[in-house]
Amino acid sequence: MTTSDISSNSEAKISTPSRSSTSSANVTKRLQTELMSLMMSSPPGISAFPNDENLLQWTATIDGPDATPYAGLSFKLSFEFPNTYPLTPPTVLFKTPIYHPNIDFSGRICLDILKDKWSAIYNVQSVLLSLQSLLGEPNNASPLNGQAAELWDKDPVEYKRLVLARHRDDEETGLGSF
Amino acid sequence: MDHKSLVFASVFPVPSISHTTPTPIATPDLGFTAPGQSFGGALSSNNAGQHREVKRNLAWSTATRFLSLPKAAYGEHAQFATTGYGRPWKGTDVTEALEYLLAGDGRSADDKEDGLIDWYTNEVRIHFVSYVHPALRSIWDTEVECQKAWSALAETQQILQQFQRLCLQPFNDHILPVLQQDNTKTTSANTQTRGTTQVQPSFASWKFQRNLHALFVHSLPSQRFSKTLSYVLYNSGCRLFRIYVDKGNAIPGDETIENIPVLRTAIMQLLRGLHEVGLGGEQAQKAFAHAMDKLMGSFIVSHYMKVDWYARKSVIAHLRQWVKDGFSTLVRQVMDCLKEESSSLHAIELQQWQDMAIGRLGRSRVENLFDFVINWDRSLGAILDIKEFLKTPAAKAHLSTSFSQQVSRRLLHPGATTTYILNVYIHIIRAFNELEPKGVLLERVARPVRRYLKERDDTARIIISSLLADIHDEHGNKFVTSGELSYEIAAEMQKPIPTFSQDQDDDLNWNDMNWQPHPTDASPDYKKSKVEDVIWFLLTLYDREDFINELKNILGDHLLRNQDPEYEKEIRLLELIKLRLGDDKLQACEVMLSDVLDSKRINASIREDKIGPAIPPPLPSPHTPENIPRTPQPRRPVPAAASLKPPSTPTVQEPPSHILNVQILSSFFWPALREDTFLVPAPIHAMQRAYEARFERVKGMRKLRWLPALGRVKVELQLDDRTVEADVQTWQASVVYAFQPQPGEEWVGRGKGKGKASGEGITRNVAQLVLMLEMDELLVRNALGFWVGQSVLKETGTDTFTVLESLALETAASAAAAQDAAEVMQAESVQASAVVSQSDLLMQNKELYRQFILGMLTNQGNMPTQRILMMLKMAVPGGFAGGVDELRGLLGELVGEGRLGVVGEVYGVRKG
């Protein structure tokens, strides 16, 4: 169902601009709904909010799960939704520097549901929840950061130290003043 | 001659002072010999000159003595004038002397010698100064009072005329004949030699007269004189045309003048007289012009030019007629008096006067245009006057500035209700449409009004509710214009829908043979509105979106309240608006309308269905409609006009007459509706379940979500001594139903019966009711208040209410209290509309807003209030129901809870 939908949709986008505008209106609508549900039932430790009125770019925040090296830290992520969302996945990047086996130093994430396993039933909330659990349970089989993957099992203390060393509090928000 | 100069003259006789001393006093002028000539000689010309000198002096003496004017003050002149003159007898010596001096050799040969005429002129001058001027000064030295203006002029004219006669008589009798005689003599002879020095008699006469008149004119204070003259002319003009402007200044004592022809003659006589004594010159003409100018002004503000409120006709024709037949005739007559040569009036002058008069009338009308607009319809006459005035571009500019000022001063202030402004706006539209059908002016003057109306937040609501309002109430009377409804708009709605082609670009229609360019003074965005249609103007006040949103809210409320089963008005309104705003945006409204119409049908079909097979038990639906993609939103039924009869007797009857009418609404398209939930009385609940089941069968598994707070109930309460019937809100019905003794049957599982079977009535308190009905306390109190007002309940203690089974027990005082409560409730129940209000919305969504604010600040960092507000409006579906102040309140709460921190205007999430 999804594949046919995608093809038809992309065709429509190319052929008639009016259709594409309706599709972007659909994206907006969908994102609005997601935002609403996220706000109304936001699970602890995750939150997200659009950057401006076009709703296609969001910033999200994940608190590191307890009992992991990331406990007590919070991480910012950026979401960029394509016009074909939710048929294609959003581009998600870690903005806060993070030391993690599946995340490289530019914040790119290796997570299957953001790539080939994406499905339209996923949403921002499920992505964030997946990422939160990824922090606690990295997939060391296909690491982007080999050293981290190694250290994760071998030297939790060193790992923790590197995590803390890499982590930067978001100075842009300047929350320290409060 | 005054005393001092007389004394002086007696010692040092000066010929220039005393012309009556004719003997030559000066040493005879012997002259000089020309160079080269012999000095002296018996036959030299000097001797002849000397001789002539002596002779001339003698003649001079004789003539001047004869011609000198009598030394008498003004009053005595009358005698001279009447009884002939006390002049010495005119002997031959005098005649000879005159002839010698005027026509003979004694005529002033060169500039050194005074001519007799000059001397006479001077004599007249001195006489005037000595004897006549004092009399004039007594009249003119002080301010001339209005009442005396006429007599002052008349007297002056008389004095001067007499003096003039006195002076002219000797001149005409003695000097002129000699001159004429001489003239005829010389003209017969060769005039070549003496032509230059020849004194033409007519010229002499003219010159003398001119000198005399100059003397008169200069003797009077010119300013005062012209003012007085102009006043007199103006005043008599007013009386001629019977213009009564200010009564205080009428000239008393001239009753004769009430007779118009007599008055006219009198004026002409006076003017002619003034002209004769030389006062009809330029000065008088100026004064006259001034007077006529004022007269025209007075005429325009006079009763003749009053706005015709009854016949509603323009007075312009009348004005033109007056200028033509009255004004210009008078001008012509007066000018004939003031000018020697009669001037004919040019047609163009008349035209100019008429234009001027219309211009003035127009300006005076424009000053009151606002009043005319307010009283539009009856003020048609005035508007037509202004229309006539509007023929020049300057007039238009004047009108639009003046009217804009009036509007901003008198209309666009906080004291005026929106309804009033709307009504005035409609009047403006109508009046200006009459004034200038092209609509350029209307566009210009209406702009500030429109802008102001846009700022008022209740404008759209009033417009739409007025459009939906009934123009006649049930008694067939016109409804009283309340603060919320505009009769004008409602009346406008009754008119047939005009047909017009929508958004057709006339400029591109090449086949339009009636095409006309836009008016030259039109603004760039001028659009020729073909339909002069008030509703169109009202509907274009707003941006389409805003207006439609408002329309949705009001229409929703209206549909839910409406009793009319046909929804004629609503359908009509929608059609009307569709015509104007285009139908693409009005989908929601159409759905709403079709919802209520469908509901009617469904109700009917389900009720029929009831008679058929037994009601199947309601089945839990396997999937909720929310999960079905792209289906219409779940429809929310509203019980409307269910009737239930909670009897006061302990036994609960189940009357079969309960009728449940359900409105099925597509919630997606409806505005936010009141969603308070509470338990409806059991019988109603049962009916709802049954209805639901049937609905699901009819409508293929669609599920109903009930909104008990909407809808109306007809209740009949049977109390011990009376029956109360009322049409009430659902929660009010539920509350009163809860006062029914409840023996604790199975259906009351949720509430605990506290019924007492005594005739005393049942007592419950607020807390119990809240619990029993699972109802909001606010609603419970609202309902209790309502029933207290209906004298069904009575508050026996704090928050405790008892059913008033028997009204007879009640004292009058508590009845009055009940009355008060009823009034209070009446006021409050107006507030409880079906559609959620802004502040309600704010309260309802408070938690949502808080979440959004927290989410926003967590992810986007610290933000100032304005940005938070902007983001909230953008991100929250349906927008933020409030402004900066409401937002500050929310933020303040969050800061108070320690969840946010604030520095100045910047808020941020507090960590930890």
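Lettering follows sequence order; numbering is per chain, from 1. Excluded from the calculations below are hydrogen atoms, water molecules and symmetry mates; all remaining heavy atoms, backbone and side chain alike, are included.
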*asked:* Between A:His167 and A:Tyr70, is the ring centroid distance below 6.0 Å?
replied: no
*Please look at A:Leu38 and chain B and tell me whether the side chain, the backbone, both or neither of the residue comes under 4.5 angstrom of a heavy atom of that chain.*
neither
_Around atom NZ of A:Lys154, are there more than 12 heavy atoms from other residues, nucleotides or ligands closer than 6.0 Å?_
no
_Is it the case that atom NZ in A:Lys160 sees more than 12 heavy atoms from other parts of the structure closer than 6.0 Å?_
yes
*Can you name the residues of residues 58-67 of chain A that have some heavy atom under 4.5 Å away from a heavy atom in chain B?*
A:Thr59, A:Ala60, A:Thr61
*With no hydrogens and no angle check, is any side-chain donor or acceptor of A:His100 less than 3.5 Å from a backbone partner on A:Ala149?*
no
_Heavy-atom donor-acceptor pair, B:Gln860 side chain to A:Pro50 backbone, under 3.5 Å_ = yes
_Check ion pair B:Arg888-B:Glu893 (N to O, under 4.0 angstrom)_ = no
_Under 4.0 Å between a side-chain nitrogen and a carboxylate oxygen: does that hold for B:Glu455 and B:Arg451?_
no
*asked:* Please classify the contact of B:Arg867 with chain A as side chain, backbone, both or neither, using a heavy-atom distance under 4.5 Å.
replied: side chain
